[in-house]
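Order of listing sets the numbers, starting from 1, for every ligand and every atom in it. Small disclaimer: the values here were computed from a predicted structure and weren't measured.
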Amino acid sequence: MLNYLGLPIAASTHASEIDEMIVLVHWLMAIMFVGWGLFFIYVLFRFRKRANPKASYSGAKGKISKGTEVAVAIVEVILLVFYAIPAWTKRVKALPSESEAVVVKVVGEQFAWNVQYPGPDGKFGRTDVKLVAADNPLGLDRSDPAAKDDITTINQLNLPIDRPVLVHLMSKDVIHSFGLYEMRIKQDAIPGMSIPVWFIPNRVGQYEIACSQLCGLGHFRMRGFITIQSQADYQKWFDDQEKELQPAVATPAPATPPPPAR
Ligand code: CUA
């Protein structure tokens, strides 16, 4: 419906609310742009040098200018009070409970998005900066019982459709920004803070996680993917990831063949 604005596909439940606001703000700006443009042309003509050889220092006084100013201010207050503030409040206050939502940790770093799922126990395993290594970017301590079933991925976030998602957003180094355009989500990731971000995806597909904050030389390649799947597909992905975590337990070691006789 709003394709004429060139907005990305809307893939979350609150996207239409954001789009509606974008449309209203653009209408206000369009009207003001045309109004100011016409007024400028009028002023160029009305106060031309030939008709006004002597400058007037008192300026023009009129009810229309005051009225227009007040009208613009009223429209802006309406946009702020009835659209922007309620939408923002919902994003920062009406967080879904941890029990009903899919909870994940997303940690930005130069230049990747690290994802941690708590696993079937619902508990995030302990992480420690001392354990951070190339193959363990989150510094996850696998000796912690809560960490044994934790799934970690890099630049890939799988989520089921139609369920609230609660992301605890963090950063390891500098300020990044978690930009999910199709979900109409954008939030800065700030070192030393864990910021909750939530949304309900409602469209199956593969979308981009863009870093929306210039964070260094590799900013352009700090790009991840978000895959929205049906509940069944998500569960299958989740179970496959869990299986990969315990390969030694699940499959017995193959029997070694006897040495060839000489
Ligand atoms: Cu991270 Cu730009």
Peer 1: Would you check, one step at a time, whether the test salt bridge (charged side-chain N to carboxylate O under 4.0 Å, His left out) holds for K236 with D240?
Peer 2: CA-CA 6 Å; K236 187 178 175 306; D240 287 349; 3.2 Å; yes
Peer 1: Using atom 1 (Cu) of ligand 1 as the apex, give the angle to atoms SG (C215) and SD (M222), rounded to 10 degrees.
Peer 2: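 It comes to 120°.
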Peer 1: Quick check: of its N, O or S atoms, which one does H176 have closest to atom 1 (Cu) of ligand 1?
Peer 2: ND1
Peer 1: Please step through side-chain hydrogen bond (donor to acceptor under 3.5 Å, both in side chains) for the pair T227 and Q206, ending with a clear verdict.
Peer 2: CA-CA 4 Å; T227 306; Q206 169 113 327; 2.7 Å; yes
Peer 1: Does the plane of the ring in F238 sit parallel, tilted or perpendicular to the ring in Y117? Use 30° and 60° as the thresholds.
Peer 2: perpendicular
Peer 1: Could you tell me whether atom 2 (Cu) of ligand 1 has an N, O or S atom of Q213 under 2.8 Å away?
Peer 2: yes
Peer 1: Look at atom CZ of F33 and say whether more than 12 heavy atoms of other residues, nucleotides or ligands are closer to it than 6.0 Å.
Peer 2: no
Peer 1: Of the backbone and side-chain N, O or S atoms of C211, does one lie nearer to atom 2 (Cu) of ligand 1 than 2.8 Å?
Peer 2: yes
Peer 1: Tell me, please, if S177 has any N/O/S atom, main chain or side chain, under 2.8 Å from atom 1 (Cu) of ligand 1?
Peer 2: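 Under 2.8 Å: S177 has no N, O or S contact with atom 1 (Cu) of ligand 1.
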Peer 1: Would you indicate whether L44, at its atom CG, is surrounded by more than 12 heavy atoms from other residues, nucleotides or ligands within a distance under 6.0 Å?
Peer 2: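 Check passes, neighbour count above 12.
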Peer 1: Of all the N, O or S atoms in H219, which has the shortest distance to atom 2 (Cu) of ligand 1?
Peer 2: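 Going by distance to atom 2 (Cu) of ligand 1, the closest N, O or S atom in H219 is ND1.
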